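Residue numbers run from 1 in the order of the sequence given. As the structure is a computational prediction, the values presented were derived from the model and not from experiment.
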Amino acid sequence: MPSLDKVRNISIIAHIDAGKTSTTEGFLFFSGLTHRYGTIDTGTTVMDFLPQERDRGITIAAAAATIPWGEYSYHLIDTPGHIDFTAEVERSLRVIDGAVVIFSAVEGVEAQSEKVWRQADGYSLPKIAFVNKMDRIGASFERTVAEINEKFGNCALPMQAPLGLENDFCGMIDLLSKKQIHFSGEKCEELHREDLLPEQEEIWQKAYTELLEKVADHSDEVAELYLNEEEVPLDLLKAEIRRLTWERKLVPVFLGSAKKCMGIQPLADAVGEYLPSPLDCPPRKAFIVKTEEETDIAPSTKGDFTGFIFKVNASKTADLFFLRVYSGVLKTNATVTNARTGEKVRARQIFKIYAKNTELVEEATVGDIVGITVLKYCGIGDTLCDGRHVVAFDKITFPEPVISMVVEPKSIKDKDKLDEALSMLCREDQTLTQSISEDTHQRILSGMGELHLEINMKRLTDDFNLDIRCGEPRVAYRETLNAATIEKVEFDRVFGDTHLAAGLTVEFRPLPKGGSMFEVKNEVRDMVNIPKIMFHTAERTLAEAIHTGGLNGYQMIYVEAILKELKYTPDLTTEGAVAGAVQEAVNQALTKVGTMILEPIMHLEVTVPDDCTGEITMYLQPRRAVIHDIASAGSAKKIICEVPLAEMFGFGKALPRLTGGRGTFTMEPSGYQEMPQGAQRKAY
């Protein structure tokens, strides 16, 4: 068991088809965990083990593996690249200490590349980068590095220089050791480091000088030696690069071809060299449940146990909970407390995770990412801790579903079986929700996109052996207020022998579209003579009433509700009276100013051959697309636009037809906008 300073918790993140899974398969193969290099083309990947992942050649669910690498132990999470599965990325990033970002040397920095980079920044994660597909036609290391610098703030620090490009790519120059690296063997498993050839000296000198200059911009020690034309010691240079990586000022960049197994070993070495261990990370912020005071959770085996559940694999028998341990030690059969519910739960079994396989272990300690079974009433985002010191981490925030579909069993006898299956799917994926239509009493499954729902429908038939009927996908519309209004309510009711009274004033304002979805504020000046529970009731009811829906029954967003006044009469004003007054104020506001329907807008990027650009723009324009730019992407064109989600159904099937199978696209939510009357008539 390696010491804690040799543990690395990392995630592989990237745009779809950039090479995340192939890179991870390289880690597994060269570590000795697997005896063959799994490939997406042959459906032999270890990390993409779900049948649909292998059929489609994409990652759907984040997979974890513990990988030995020399003196290090890597807890690695391979994540999806498709925007429909962004929740898998979000919860994986929550529990790691560093990220490996993969870029394609052909496409460069793509839409989802930016998305996952920003997600990693949201958790202040140090990063290293790998420019993949250096052997492909159109590959450019320099262009990709320039795009990283342009989009993410001049942070890229190339650690290697390529030897050859496209079909002639044969290896790289390691700038720090001043060695050329090339590979041999059937799977390029033999790595050779040799002295530079005379013609390679100039390439190294130019690239190494640029590296020194960039490090010197952030390091006084390196700057002083460089300006005095003194040699910078290798140990000092590595230490400064490591420090600047941890401080997120620089991102070391490596290169290779994961498919040809070239460059994987140096990248895996760099994970241990430049990304932090749990000991190198700042303490995690949590709050003491009893007092709501903030506290720090330091990574120590001697502290009270604290862990965070970030993923669930649901099953009929026993769910497998993925847990990151932040402090203390968790032993088999230990009893811990769920900070959310206050209930005690027992960790019956603890597993080391290796993709779909598990290995039973006796304990989990600081920095470990493990699987646990038989935890009752636990879920994603729960904190498990020692019952003597109950603390909780912040929950994970997931985006709301934007598309819905009716799903029903073909046979009434399968109704309970379908309900159980939907419940399991929703336990695993918090961007997937189920509900019952008030009008038709049909089951509604809501998710992040067509592919998201399509894959879950396939799981119902393949994994649960259900014969189901599916309706057409429907967009999740929203509503907002047409104007601001101030509502005064005097609630006075007699129920039998009980007299209830409460008065309040609430101001409702529309919020700017694209900003905060909903806000509740309390601006009551006289709060001394009114019980706090009355304010809590007013604020909670405001949130619930607006969340329930507007005049058309859709959930309200972009609304601010400000409690201006609350009248309290002892013996007459109860929580029920306050709740009734709030509900009346909301109804008055909706009736007075009315609401507008909002539709979800998607940011769409379509990469197509130059000769197909006209076909795609002609397809998009009648669908209310607003085209912002048509940029060059190597020999292809990238069409960047915003388009209503309702207009994009079927685009994934139309694109291959329009481009002869040569086009690709990415699409992600970009807020909501007012829905034109013509589009409303079309929708209904």
Taking [X] for its side chain and [Y] for its backbone only, find out whether a donor-acceptor pair lies under 3.5 Å.
X    : Y    : result
S423 : D419 : no
E479 : N552 : yes
S113 : E110 : yes
N587 : E584 : no
T373 : L320 : no

Taking the side chain as everything from C-beta on, heavy atoms only, tell me whether [X] gets closer than 4.5 Å to [Y].
X    : Y    : value
T480 : M596 : yes
N338 : Y377 : no
L384 : V345 : yes
I380 : I396 : yes
V325 : I369 : no
I96  : Y123 : no
M556 : R478 : no
T461 : L466 : no

*asked:* What verdict does the side-chain contact (heavy atoms from CB on, under 4.5 Å) test give for M457 and L445, after you've listed the backbone C-alpha separation in whole Å, the side-chain angles of each residue and the deciding distance to 0.1 Å?
replied: CA-CA 9 Å; M457 292 301 109; L445 191 66; 3.1 Å; yes
Distance, nearest 0.5 Å, that separates [atom1] of [X] from [atom2] of [Y]:
X    : Y    : atom1 : atom2 : result
T505 : L563 : OG1   : CG    : 8.0 Å
S11  : K127 : OG    : NZ    : 12.0 Å
H536 : N522 : NE2   : CG    : 9.5 Å
I309 : D319 : CD1   : CG    : 10.0 Å
L598 : M675 : CG    : CE    : 10.5 Å
L125 : L93  : CG    : CG    : 6.0 Å

Shortest non-hydrogen separation from [X] to [Y] and the atoms involved:
X    : Y    : answer
M405 : C470 : SD-CB, 3.8 Å
K564 : E523 : NZ-OE1, 2.9 Å
A501 : A577 : O-CB, 4.0 Å
R443 : E408 : N-OE2, 2.7 Å
Y477 : Y554 : O-CB, 3.5 Å
I640 : E605 : CG1-CG, 4.1 Å

*Within 6.0 Å of CZ in R525, more than 12 heavy atoms from elsewhere*: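 It does not: R525 CZ has 12 such atoms or fewer within range.
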*Answer yes or no: are there more than 12 heavy-atom neighbours, outside K638 itself, under 6.0 Å from its atom NZ?*
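Yes, NZ of K638 has more than 12 neighbouring heavy atoms, counting only those of other groups under 6.0 Å.
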*What class does the angle between the rings of W117 and F152 fall in, given that below 30° is parallel, 30 to 60° is tilted and above 60° is perpendicular?*
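W117 and F152: parallel rings.
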*Yes or no on side-chain contact (heavy atoms from CB on, under 4.5 Å) for D121 and R248, after CA distance, side-chain angles and deciding distance?*
CA-CA 9 Å; D121 281 346; R248 299 169 50 239; 3.5 Å; yes
*With salt bridge (Lys or Arg N to Asp or Glu O under 4.0 Å) as the test, would you mind laying out the steps for K488 and E565 before giving the verdict?*
CA-CA 9 Å; K488 294 185 178 182; E565 181 185 19; 5.7 Å; no
_Steps toward side-chain contact (heavy atoms from CB on, under 4.5 Å) verdict (E642, H628)_ = CA-CA 8 Å; E642 288 188 340; H628 297 297; 3.6 Å; yes
*asked:* Cation-pi check for F495 against R493: NZ or CZ below 6.0 Å from the six-membered ring centre and within 45 degrees of the axis, yes or no?
replied: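 Judged by the rule, R493 and F495 form no cation-pi pair.
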*asked:* For L432 and L453: C-alpha separation, side-chain torsions, deciding distance, then whether side-chain contact (heavy atoms from CB on, under 4.5 Å) applies.
replied: CA-CA 8 Å; L432 200 66; L453 292 182; 4.2 Å; yes
*asked:* I'd like to know whether D394 forms a salt bridge (Lys or Arg N to Asp or Glu O under 4.0 Å) with R94, so could you lay out the CA-CA distance, the side-chain angles of the two residues, the decisive distance to 0.1 Å, and finally the verdict.
replied: CA-CA 10 Å; D394 286 337; R94 173 64 183 269; 5.8 Å; no
*asked:* salt bridge (Lys or Arg N to Asp or Glu O under 4.0 Å), that's the test. Do D296 and R284 meet it? Break it down for me.
replied: CA-CA 6 Å; D296 289 334; R284 298 281 172 158; over 6 Å; no
